[in-house]
Amino acid sequence: MLVRAGRFRLYAAVTEGSFRRYATYRMATAAGVFTNTVFGLILAYTYLALWDERPGLGGYDQSQALTYVWLGQALLTVMALMGGGFEGELIERIRTGDIAVDLYRPADLQLWWLAADVGRASFQLVGRGIVPMVFGALVFDLTLPPDVLGWLAFLVAAVLGVAVSFAIRFLVALSAFWLMDGAGVTQVAMLAGTFFSGMLLPLNVFPGALGEFARALPWSALLQMPADVFLGERSGTALLRTYAFQIGWAVALLAVGRLLQAVATRRVVVQGG
């Protein structure tokens with residue numbers, strides 16, 4: 001029991017340290033808020049033109065479409081859809097061999113980086129997510145959750161989205177054990193995440209089999225599903241299915257990550273011996 005409590009305090013400290021680390025880059029945060037807001041405006045007026053021509057596109061009215069835009073800007077760095085997470089640092093540690101020190105520590109590698117990523121995501125939500133969303137709500141007529149339960153449902157979906165995002169990026173980082181350079185895999189994962197998360201356009205807009213395929217991939221858990229929960233499109237049984245989808249992908253991808261971590265650890269031990 002004491003060991004578990006000690007490990008919990010360790011990972012809590014890692015989360016807090018990661019939050020503080022990102023909080024020190026104040027100018028970068030301010031620049032990021034400005035950039036997200038400008039791109040939010042560009043996308044918002046693009047969506048206005050598109051929805052003027054195609055009202056009800058993807059099952060969204062114009063207000064919902066605009067809300068989707070600003071949610072995307074709020075969650076962009078939270079979900080690390082275009083990079084900026086832990087994976088670059090972990091890949092570099094694998095490339096240089098410093099990962100051997102990490103693997104011999106009395107702490108689980110996956111849980112360590114998960115705790116660090118939770119701290120990062122928490123700061124990005126507060127530091128770069130809230131301001132663009134508030135700005136969008138002041139300038140445009142957005143569709144907001146009508147009550148506290150709606151906000152809580154969205155928060156749960158966002159947390160599960162972070163878990164799926166971490167699991168994907170952890171696998172990307174572990175690929176460096178075999179490729180020695182994770183740049184290519186990172187770029188492919190970033191492009192796939194940008195397209196299949198719904199960052200460019202809501203996945204509901206994708207036609208036929210492409211839409212079904214995109215919504216079945218884990219990236220849809222990062223933006224499309226939290227956005228639908230925020231917009232009230234998922235409630236009751238549909239909300240539970242959304243959570244089950246996110247949890248299922250998180251558990252499956254984290255399990256694969258643990259398997260690859262175990263294989264990589266044995267490889268390091270053998271080489272070290």
Side-chain angles (χ1 to χ4, degrees), residues 1-30 32-33 36 74-94 98-99 101-133 151-174 186 189 193 197 218 221-223 225-226 243 246-247 249-258 260-261 264-265:
M1 194 71 177
L2 291 176
V3 174
R4 289 183 180 179
R7 287 180 179 174
F8 176 80
R9 287 194 295 269
L10 170 63
Y11 297 127
V14 172
T15 299
E16 181 183 359
S18 179
F19 186 98
R20 291 178 179 273
R21 172 188 176 187
Y22 282 89
T24 59
Y25 302 107
R26 297 177 183 176
M27 290 304 297
T29 299
V33 169
N36 283 16
L75 294 178
L76 175 63
T77 51
V78 175
M79 302 298 175
L81 289 171
M82 301 186 72
F86 69 94
E87 56 274 18
E89 183 179 351
L90 180 53
I91 287 172
E92 181 63 16
R93 294 188 68 81
I94 294 172
D98 292 340
I99 191 66
V101 177
D102 301 336
L103 292 173
Y104 280 110
R105 286 174 180 167
D108 183 79
L109 184 71
Q110 188 182 61
L111 290 177
W112 178 283
W113 287 103
L114 175 58
D117 201 54
V118 169
R120 177 205 59 80
S122 300
F123 173 77
Q124 297 293 10
L125 178 62
V126 175
R128 291 184 59 173
I130 293 178
V131 173
M133 190 68 195
W151 286 96
L152 290 176
F154 163 72
L155 183 60
V156 171
V159 169
L160 293 175
V162 169
V164 176
S165 173
F166 166 81
I168 294 171
R169 289 178 288 118
F170 188 69
L171 290 175
V172 169
L174 291 183
T186 300
S197 67
L222 277 56
L223 175 57
M225 290 189 171
Y243 290 160
Q246 291 179 296
I247 292 171
W249 269 118
V251 170
L253 293 173
L254 288 171
V256 174
R258 295 200 72 81
L260 292 181
Q261 175 183 316
T265 300

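These values consider heavy atoms only, across backbone and side chains, with no hydrogens, waters or symmetry-generated copies. Predicted model, so just to flag it, every value in this text is computed and none were measured.
- Taking all atoms of both residues into account, the shortest heavy-atom contact from V14 to A116 is CG1-N, 3.7 Å.
- Considering CZ of R93 and CD1 of I91, their distance stands at 13.5 Å, rounded to 0.5 Å.
- Contacts of F170 classified as ring-ring contact (aromatic ring centres under 6.0 Å, His included), with partners at least two apart in sequence or in another chain: F166.
- Judged as a ring-ring contact (aromatic ring centres under 6.0 Å, His included), and not counting sequence neighbours, Y243 has no contacts.
- Judged as a salt bridge (charged side-chain N to carboxylate O under 4.0 Å, His left out), and not counting sequence neighbours, D98 has no contacts.
- Applying the side-chain contact (heavy atoms from CB on, under 4.5 Å) rule to V131 yields the partners V33; only residues at least two apart in sequence or on another chain are considered.
- Legend: residues meeting side-chain contact (heavy atoms from CB on, under 4.5 Å) with A121, ordered by chain and number and at least two apart, are V78, V162.
- We find the CH2-CG distance between W249 and L222 to be 12.0 Å, quoted to the nearest 0.5 Å.
- Within the structure, side chain to side chain donor-acceptor pair (under 3.5 Å) contacts touching residues 76-87 (residues at least two apart or in different chains) are E87-R169.
- Between the T29 side chain and the Y25 main chain, a donor and an acceptor come within less than 3.5 Å of each other.
- The minimum heavy-atom distance linking I168 with P218 is given by the pair CD1-CB, 4.1 Å.
- Using a 4.5 Å heavy-atom threshold, the side chains of L76 and M82 count as touching.
- Taking every heavy atom of both residues into account, G257 and L174 meet most closely at O-CD1, 3.5 Å.
- Electrostatic pairing of R21 and E89 counts as a salt bridge here, judged by a charged N lying under 4.0 Å from a carboxylate O.
- Rounded to the nearest 0.5 angstrom, I99 CD1 and Q261 CD are separated by 8.5 Å.
- Here the shortest heavy-atom pairing between Q246 and G161 reads NE2-N, 3.6 Å.
- L125 contributes atom CG, which lies 11.0 Å from atom CE of M133 (distance to the nearest 0.5 angstrom).
- Note that CE of M225 and CZ of F154 are 14.5 Å apart. Values are rounded to the nearest 0.5 Å.
- With T15 contributing its side chain and G119 its backbone, the two residues share no donor-acceptor pair below 3.5 Å.
- Applying the side-chain hydrogen bond (donor to acceptor under 3.5 Å, both in side chains) criterion to R20, with sequence neighbours excluded, gives E16.
- A250 pairs by the side-chain contact (heavy atoms from CB on, under 4.5 Å) definition with A163, V164, not counting sequence neighbours.
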Inset, instruction - Please lay out, stage by stage, how M79 and L223 fare under the test side chain to side chain contact (heavy atoms under 4.5 Å, CB included). - result: CA-CA 8 Å; M79 302 298 175; L223 175 57; 5.9 Å; no

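- Of the inter-residue distances, the one linking F86 atom CZ with W112 atom CH2 reads 14.0 Å to the nearest 0.5 angstrom.
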Inset, instruction - Could you give me the CA-CA distance, side-chain angles and deciding distance for L114 and Y11, then say whether side chain to side chain contact (heavy atoms under 4.5 Å, CB included) is met? - result: CA-CA 9 Å; L114 175 58; Y11 297 127; over 6 Å; no

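- Legend: residues meeting ring-ring contact (aromatic ring centres under 6.0 Å, His included) with Y22, ordered by chain and number and at least two apart, are absent.
- With sequence neighbours excluded, the residues satisfying side-chain contact (heavy atoms from CB on, under 4.5 Å) with I247 are L160, V251.
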